[in-house]
Amino acid sequence: MSASPKPHAPSPHRFLAREHVRKRAEFELIYKTGFKRSGRLMTMFTMEREGGPARLGIAATRKMGAAVERNRAKRLVRELFRHHKPAAALDVVVVPRREMLDASYDRIEAEFLSLLTKRMKPNG
RNA sequence: GUAGUGAGCCGGGCGAUCGCUGUCCGCCUACGCCCCUUACGGGGCUACGGCGCGAGAGAGGAAAGUCCGAACUCCACAGGGCAAUGCGCCGGGUAACACCCGGGCGGGGCGACCCGACGGAAAGUGGCACAGAAAACAAACCACCCGCCGUAGCUCGCAAGAGCGAAGGUGGGAACGGGUGAAAAGGUGGAGUAAAAGCCCACCGCGCGGCUGGCAACAGACGUGGCAGGCCAAACCCCGCAUGGAGCAAGACCAAAUAGGGAAGCUGAUCGAACGGCCCGUUCGCGCUUCCGGGUAGGUUGCUGGAUCCCGUCAGCAAUGCCGGGACUAGAGGAAUGAUCGCUGUCCCCCGCCGCGCGCAAGCGCCAAGGGGGAACAGAAUUCGGCUUACAGGCUCACUGCAGCA
RNA sequence: UGGGGCGUGGCCAAGCGGUAAGGCGCCGGCCUUUGGAGCCGGUAUUCGAAGGUUCGAAUCCUUCCGCCCCAA
């Protein structure tokens, strides 16, 4: 019964509300000033911030499919971010493409990581 | 067994790991609030902040299309009329409806059953191309029949002349026929006539009248009329009924920063304007401080317990309603309700050991152990009631036709 | 989520109950040495789709499909 300190740190693979990019103005800022690169399955924008946690925003447009398909894409991207969360204060916006729906999870994961590490290269 | 009809229901299951959003419980904290203190500081409380291997919940039958009807908000509004829009057999149900139930009528099916925007064209206006004699005052035209006149012609006569008489003319009969056309003033058969016609007769259809049944739509039998006069109202319209407009991005509350508005005060030692020739002075502007209201970002609320769902009694053919008992059943907000695996049920597709049948054979067909792949339409956004559309596969009940057996 | 609008040849379009104008383009011919211009002829439109009303529908009605705009 020595459970008073109870360390049991919460899992790092979470996705809290404060880790969402929510406001339209923030999305527009990231689109405008962030670093953009495209893959076969998705397009990614990233922008570094002053501090705070890494954040994710997902923009699934109506062009990519109906509501069920858009939801599916958003859940996949959320899951990727949850498992491969960047340590730095970084805003990430992912625009999934229609091809993502037919791809396997491993393939989407590989492309997500590939696009995320491209950020490390100097962008200017 | 097979083919079908109607009604109702399901929309894979179990488990592991890692997550998301509310609710409840417990705990932890503050740059928040309260108390003590001159102050430093100390104490307490609470969460829209966190934590918990805490408890429990978490997409649909269409959540969809947004086609109707409401609730709920704000705006407008004395009353009445017009306009506009919608609905349209009758009765009932309902908060309401374009929905549902029952009935009538019409149509389809051997049948169980299914389908129907189904008021009015003797209130008015308008349209009906082409074709056709004519397309909507029912008359004209052609053809038909009869009488008369009578040309050509024929016959008779020696002749004068007479008779018959196509065509044509004229007077009447009759409203039958007229290639067409989507549609042209009942249908079939008979009788009748110079030729014909509801002119007359039988049956069917139709109109009118009261009677009977029914709340009614309507139906039935009876009597009566020889027959009214096309179609289109998803053309304008008439009749009856209904309807104010916008929509939760409605609306309500709290409320930064910046700019601007109002009020009070302050300095006029600075600047500008007015009253003055000038100074002082007064007033206004400008400046500073404080306060006030509107209001943007943002936040809170509206926001889920309701015309709610389940079970039962009773009323009713039913839709449904009354009563009683029980349940709490998603509430997100760049938008949660999941991700990845394992086992497995059902169905479909592909390969296919063994076995069986056919064939001389290559091979083909049936059954099928096993292996691989796939799994419908589709995601709540203020909330309900409907409609419509999409949908792999499956289950239950009732009924109908056909075939077989007893 | 709510509200509003539009679909007619390859493109821009008129027509709104009687059998689909016009322009640009494209193709062929004439003309010209050739090209352009000009002239003549032709374009594969089930009028977005399916039902219904009507004798007859691009037009009227219903239901779907696609696209666009407005309101954070």
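Labels below follow one simple rule: chain letters A, B, ... track the order of the sequence lines, proteins then strands, and each chain is numbered from 1.
Of the candidate nucleotides B:A339, B:G333, B:A380, B:G333 has the atom nearest to the side chain of A:R22. Here the nucleotide nearest the side chain of A:R82, chosen from B:G334, B:G379, B:G19, is B:G19. Of the candidate nucleotides B:G338, B:A335, B:C20, B:G338 has the atom lying nearest to any side-chain atom of A:R75. Between B:C51, B:A336, B:G334, one nucleotide has an atom nearer to the side chain of A:R14 than all others, and that is B:C51. Checked against B:A335, B:A339, B:G50, the side chain of A:R18 finds its nearest nucleotide in B:G50. In the set B:A335, B:G298, B:A339, B:G298 carries the atom at the smallest distance from any side-chain atom of A:K23.
In this pair, A:F45 and A:Y31 present their aromatic rings perpendicular. The plane angle is above 60°, beyond the 30 to 60° band.
B:U329 shows a glycosidic angle within 90° of 0 and is accordingly assigned syn. Shown here, B:G302 is classed anti by the O4'-C1'-N9-C4 or O4'-C1'-N1-C2 angle, which is more than 90° from 0.
Separating the NE2 atom of A:H13 from the P atom of B:C18 is a distance of 10 Å, rounded to the nearest angstrom.
Residue A:H20 places none of its side-chain N or O atoms closer than 4.0 Å to OP1 or OP2 of B:C20.
Of all nucleotides present, none satisfies the Watson-Crick or G-U wobble test against B:G229 with each distance under 3.5 Å. In this structure, C:U59 forms no base pair with any nucleotide, since neither Watson-Crick nor G-U wobble geometry is met with both distances under 3.5 Å. Nucleotide B:C323 forms a Watson-Crick or G-U wobble pair with B:G312, both donor-acceptor distances falling under 3.5 Å.
Side-chain atoms of A:R37 and A:T46 include a donor-acceptor pair closer than 3.5 Å.
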